[in-house]
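So the structure is just underneath, and the comments pick up after that.
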Amino acid sequence: STSALRSLFLFQNTGSTPKELVIMRKLLFSSADCFLSAYHGHLTSLIDISPYKFRNLEGQKEWVHVAPVPDTYRGLYREDHEDPVTAYANEVKNIIEQAHKKGRKIAAFFAESLPSVGGQIIPPEGYFQKVAEHVHKAGGVFVADEIQVGFGRVGKHFWAFQLQGEEFIPDIVTMGKPIGNGHPLACVATTKEIAEAFAATGVEYFNTFGGNPVSCAIGLAVLDVIEKEQLQVHATEVGNFLMKLLTEQKIKHPIIGDVRGSGLFIGVDLIKDQAKRTPATEEAEYLITRLKEEYILLSTDGPGRNVLKFKPPMCFTMEDAKFVVDTIDKLLTAFTSKQFTFSNRTFYSKDAHTPLQVLLWQRVVFTYSNCQSYPNFIGESHLLDAFDGFCIIHAHSVLNKLV
């Protein structure tokens with residue numbers, strides 16, 4: 001494209017270095033602030049701009065501002081809001097105005113094109129354009145992080161930021177992971193104007209391994225495979241099929257509150273209740289643990305660690321999708337059907353990471369939990385003495401045969 005001809009590409013060997021290069025250019029040499037709404041890496045500088053990291057460490061730096069994730073399912077402005085795009089963009093505008101009142105300048109807005117750690121979020125279309133307008137007006141640049149979602153994964157487009165509209169083009173795009181298909185390769189793409197502004201600082205940048213012939217050959221091979229094997233089309237077809245199967249499960253299982261995604265980037269939001277949308281954290285942890293025992297590897301994301309994230313390899317097939325969803329259906333059915341009662345009371349684990357499941361057999365109570373020690377039981381206001389006369393045994397193997 002014409003914009004590509006005006007672009008400059010700098011190659012590195014890990015997804016973190018492109019973003020650190022951006023920070024070095026926009027923050028250290030402009031004395032301005034960054035703000036963000038996502039996760040960006042493990043380097044110290046990137047932890048500083050990743051809320052889910054720094055909130056568990058030294059906290060938020062004064063030069064960092066956090067914008068609300070544009071989540072229309074459980075965020076500030078939901079699907080019933082008349083204009084969530086403008087509402088979320090105005091949150092960014094307000095942050096900029098508050099920073100200006102304190103005499104601070106804005107360097108850059110960092111955003112995962114599709115927030116993954118935030119809970120597999122699909123920002124409403126048009127949000128990036130409005131945010132970029134506010135950021136540019138403040139003198140900053142818009143940085144799209146495509147390290148997890150680029151290279152055709154979203155199906156409809158090669159880049160996830162294109163879901164916002166074909167006309168939207170970020171000032172800087174960072175890439176990693178899929179660009180080398182496992183080989184350490186990464187890249188930052190930007191305009192010649194921005195690159196020249198960095199060069200004008202007089203600070204030399206080099207990367208010992210970035211852009212070496214072997215890595216570049218691998219990167220070209222990856223692009224060839226994506227094109228020749230039509231993996232972008234494949235991601236659309238298989239992703240649509242997987243979304244259909246998961247949506248059917250949503251109707252069947254009330255614990256599934258939302259199914260969202262594009263191509264082979266999908267999130268399943270597990271909830272405790274439909275009204276409050278309370279994150280089903282323990283249930284999600286239990287489910288991925290059981291799936292692992294079925295040789296299916298899934299993990300959770302989101303602030304409540306309750307969103308199942310689907311980001312399979314691009315060769316993932318419809319048969320694979322059906323196998324995974326059938327297994328989830330089997331486990332959720334077993335999970336909801338084994339709420340055992342005793343003396344008209346349902347017993348739950350008080351401190352276990354998974355709901356308690358109880359089987360009364362030969363005057364023995366078998367329990368399963370993620371705890372290493374025996375869990376405490378609670379039934380109404382009764383604790384362990386509710387099981388007076390019974391032997392309590394922690395028996396993982398027995399429960400495996402039941403679920």
Side-chain angles (χ1 to χ4, degrees), residues 33-40 49-56 59-62 64-102 104 106 108-138 140 142-145 149 160-161 163-165 168 250 256-262 265-281 284 300-309:
D33 295 0
C34 298
F35 60 101
L36 47 121
S37 62
Y39 158 69
H40 298 286
I49 65 167
S50 299
Y52 106 107
K53 288 285 188 181
F54 67 60
R55 284 171 178 162
N56 294 318
Q60 185 172 333
K61 298 292 193 294
E62 63 176 355
V64 173
H65 309 280
V66 181
V69 174
D71 179 358
T72 57
Y73 180 68
R74 64 170 68 255
L76 286 175
Y77 310 106
R78 302 185 177 186
E79 70 275 8
D80 57 352
H81 191 278
E82 60 181 2
D83 189 1
V85 171
T86 301
Y88 275 116
N90 282 342
E91 291 289 330
V92 175
K93 180 182 178 182
N94 293 337
I95 291 173
I96 293 174
E97 291 174 348
Q98 292 301 314
H100 284 168
K101 288 179 181 179
K102 297 177 181 178
R104 306 191 72 88
I106 298 300
F109 178 89
F110 288 77
E112 287 182 281
S113 297
L114 297 178
S116 177
V117 168
Q120 305 292 98
I121 306 300
I122 311 296
E125 184 175 347
Y127 169 71
F128 282 1
Q129 289 90 324
K130 287 183 178 291
V131 168
E133 182 180 341
H134 298 316
V135 173
H136 289 157
K137 187 176 179 180
F142 190 105
V143 184
D145 181 345
V149 294
F161 66 75
L163 292 170
Q164 292 288 308
F168 176 70
K250 178 177 180 290
I256 299 177
D258 190 37
V259 176
R260 50 184 177 263
S262 179
F265 177 93
I266 297 173
V268 176
D269 202 312
L270 301 185
I271 58 175
K272 291 182 182 292
D273 60 90
Q274 294 285 337
K276 296 181 179 179
R277 301 181 178 178
T278 307
T281 305
T300 57
D301 257 331
R305 306 297 300 179
N306 66 301
V307 180
L308 304 180
K309 62 176 180 180

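Throughout, residue positions are numbered sequentially from 1 according to the sequence presented.
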Tyr88: what forms a ring pair (Phe, Tyr, Trp, His ring centres under 6.0 Å) with it, not counting sequence neighbours? Tyr77
Indicate yes or no: at least one non-hydrogen side-chain atom of Val92 is less than 4.5 angstrom from one of Tyr127. yes
Please find the pair of heavy atoms, one from Ala160 and one from Leu114, that lie closest to each other, and give the distance. CB-CG, 3.9 Å
Distance check, rounded to the nearest 0.5 Å: Ile122 atom CD1 versus Asp258 atom CG? 10.0 Å
Looking only at heavy atoms, what is the nearest atom pair of Val143 and Ala108, with distance? CG2-CB, 4.2 Å
Can you tell if the side chain of Asn90 reaches within under 4.5 Å of the side chain of His134, non-hydrogen atoms only? yes
Does the side chain of Ile106 reach to within under 4.5 Å of the side chain of His100, using non-hydrogen atoms? yes
Side chains of Glu125 and Val85: closer than 4.5 Å at any heavy-atom pair? no
Does anything in residues 77-93 form a salt bridge (charged side-chain N to carboxylate O under 4.0 Å, His left out)? List the pairs, not counting sequence neighbours. Glu79-Arg277
Return the NE2 to OG1 distance between His81 and Thr72, rounded to the nearest 0.5 Å. 11.5 Å
Correct closest heavy-atom pair for Ser116 and Lys309 would be OG-CD, 4.4 Å
Set of salt bridge (charged side-chain N to carboxylate O under 4.0 Å, His left out) partners for Asp269, sequence neighbours left out: Arg74, Arg260
Which pair of non-hydrogen atoms, one from Gly267 and one from Val307, has the smallest distance, and what is that distance? CA-CG1, 4.0 Å
Lys272 meets the salt bridge (charged side-chain N to carboxylate O under 4.0 Å, His left out) criterion, sequence neighbours left out, with Glu282, Glu283
Might you point out which heavy atoms bring Asn306 and Thr300 nearest each other, and give the distance in Å? N-CB, 4.5 Å
My understanding is that only residues two or more places apart in sequence, or in another chain, count here; which of them pass ring pair (Phe, Tyr, Trp, His ring centres under 6.0 Å) with Phe168? Phe128, Phe142
Identify, with sequence neighbours excluded, every residue that meets side chain to side chain contact (heavy atoms under 4.5 Å, CB included) alongside Lys102. Arg104
Give a yes or no on whether the backbone of Asp145 and the side-chain of Glu112 come within a donor-acceptor separation of less than 3.5 Å. no
How many angstroms lie between OG in Ser113 and CD1 in Ile121, if you round to the nearest 0.5 Å? 14.0 Å
Are any non-hydrogen side-chain atoms of Pro84 and Pro70 less than 4.5 angstrom apart? no
Test item: Thr278 side-chain N/O and Asp273 main-chain N/O as donor-acceptor pair under 3.5 Å: no
How close do Val66 and Ile95 get, heavy atom to heavy atom, and via which atoms? O-CD1, 3.4 Å
